[in-house]
Amino acid sequence: MMNCLQSWPEPVVRVQSLAASGIQAIPERYVKPPSHRPLSNCDFSLPQEVNIPVIDFQNVFSNDHRLREEALRCIYRACSEWGFFQVVNHGVSHELMKGVREIWREFFNLPVEVKQEYANSPATYEGYGSRLGVEKGASLDWSDYFFLHYMPVSLRNQNKWPATPASCRELVAEYGREVVKLGGKLMKAFSMNLGLEEDFLLDAFGGEENVGACLRVNYYPRCPQPDLTLGLSPHSDPGGMTILLPDENVAGLQVRRKDSWVTVKPAPNAFIINIGDQIQVLSNAIYQSVEHRVIVNSDKDRVSLAFFYNPKSDLLIEPSKELVTVDRPALYPPMTFDEYRLYIRTKGPCGKKQVESLKSPRPCDER
């Protein structure tokens with residue numbers, strides 16, 4: 001089936017080039033329907049200071065039992081009520097975080113012909129891209145990106161990573177190592193909070209050597225009509241979890257909170273963590289993946305790094321048997337991440353429709 005995804009259905013336009021051309025109005029392809037525009041469904045009754053939880057991650061491994069329990073409780077609440085949280089004191093060097101973000105900003109500021117050498121196709125998405133779905137005539141988002149595989153090692157091909165700027169490959173490799181370590185620690189916390197063995201979720205993903213990990217660096221250029229479009233349409237992440245390094249200067253990520261959109265205010269030197277569809281399935285919906293989107297603005301561009309921490313692609317993912325009871329039967333059928341990802345790639349971002357469509361119908365389910 002991947003054969004049908006070997007090429008894009010129409011010529012790819014680089015959003016950065018569009019933005020740099022000085023246009024005053026965005027092309028029709030980027031204009032969202034009125035109900036999907038940034039200001040159409042924001043609930044201004046929410047207090048403006050609302051933000052996703054910020055958690056001091058070093059406390060999870062503290063010798064102080066009280067601090068440890070409180071940190072785990074905060075993570076559980078964030079996973080089950082928000083689907084999103086920020087972690088500080090996470091163990092990844094702040095200099096490395098800053099350096100890797102800057103090196104990617106340099107990459108996107110290179111001449112377009114240099115970046116074009118890394119142009120991607122929908123067969124793997126690896127490389128320099130500007131669209132996510134492959135449906136012809138689809139509505140497009142105001143962003144470019146660079147996507148690369150990091151784990152398993154057999155999929156890692158540094159020749160497909162940018163050779164310019166000179167230290168890019170080296171920094172990406174170091175950053176990947178550190179973020180994979182953080183991912184493993186988060187998985188332990190998630191497992192413990194579900195009452196499972198601490199390695200349960202990591203083992204369900206295939207173990208340390210077999211997890212899938214990939215990086216998408218997002219570039220959101222300035223936009224002359226930010227009220228008409230989005231940098232990234234509403235979606236939940238299809239994989240296990242996402243470890244996001246946000247732009248430290250410009251907010252843009254919005255998280256759905258009931259019927260409202262909350263703009264995330266990044267804490268200094270924090271990662272933003274969100275639950276993906278695969279952990280929602282494994283936890284039998286105790287943990288929730290949550291819809292999110294990205295808004296753009298007319299004054300500044302933005303760079304963010306989304307590190308996706310996923311199950312080994314050919315493993316069946318299904319609700320953990322320990323979390324299935326008579327009162328809470330299994331909500332999802334077994335499915336490999338490969339099968340699920342192909343469905344997503346064909347359709348592009350579309351809210352939470354994908355994971356919700358998998359739910360087994362239940363006679364007593366009134367939704």
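Keep in mind it's a predicted model, so treat the numbers as computed, not measured.
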Does the side chain of [X] come under 3.5 Å of the side chain of [Y] through a donor N or O and an acceptor N or O?
X	Y	result
Ser233	Asp141	yes
Arg293	Gln254	yes
Tyr332	Asn284	no

May I ask you to decide whether [X] forms a salt bridge with [Y], counting only side-chain N to carboxylate O separations under 4.0 Å?
X	Y	result
Lys312	Glu209	no
Glu197	Lys188	no
Lys98	Glu95	no
Arg105	Asp301	yes

Is a side-chain donor or acceptor of [X] paired with a backbone partner of [Y] at a separation under 3.5 angstrom?
X	Y	value
Arg169	Trp161	yes
Ser283	Gln280	yes
Arg101	Leu305	no
Glu126	His149	yes
Ser289	Ser236	no
Asn193	Leu72	yes

Worksheet item: What is the minimum heavy-atom distance between Pro238 and Phe337, and which atoms define it?
Response: O-CE1, 3.5 Å
At what distance, to the nearest 0.5 angstrom, does [atom1] of [X] lie from [atom2] of [Y]?
X	Y	atom1	atom2	value
Gln278	Glu318	CD	CD	12.0 Å
Gln225	Tyr30	CD	OH	13.5 Å
Glu170	Ile103	CD	CD1	9.5 Å
Ile26	Lys32	CD1	NZ	8.5 Å

Worksheet item: Step by step, would you call His90 with Phe271 a ring pair (Phe, Tyr, Trp, His ring centres under 6.0 Å)?
Response: CA-CA 8 Å; His90 40 65; Phe271 282 108; 4.6 Å; yes
Can you confirm whether [X] sits close enough to [Y] that some side-chain heavy atom of one is under 4.5 Å from a side-chain heavy atom of the other?
X	Y	result
Leu182	Ile243	yes
Leu186	Met241	yes
Phe190	Tyr287	yes
Leu202	Val211	yes

Worksheet entry | Centroid separation Tyr118 to Tyr128 less than 6.0 Å | no
Worksheet item: Is the ring centre of Trp104 less than 6.0 Å from the ring centre of Phe146?
Response: yes
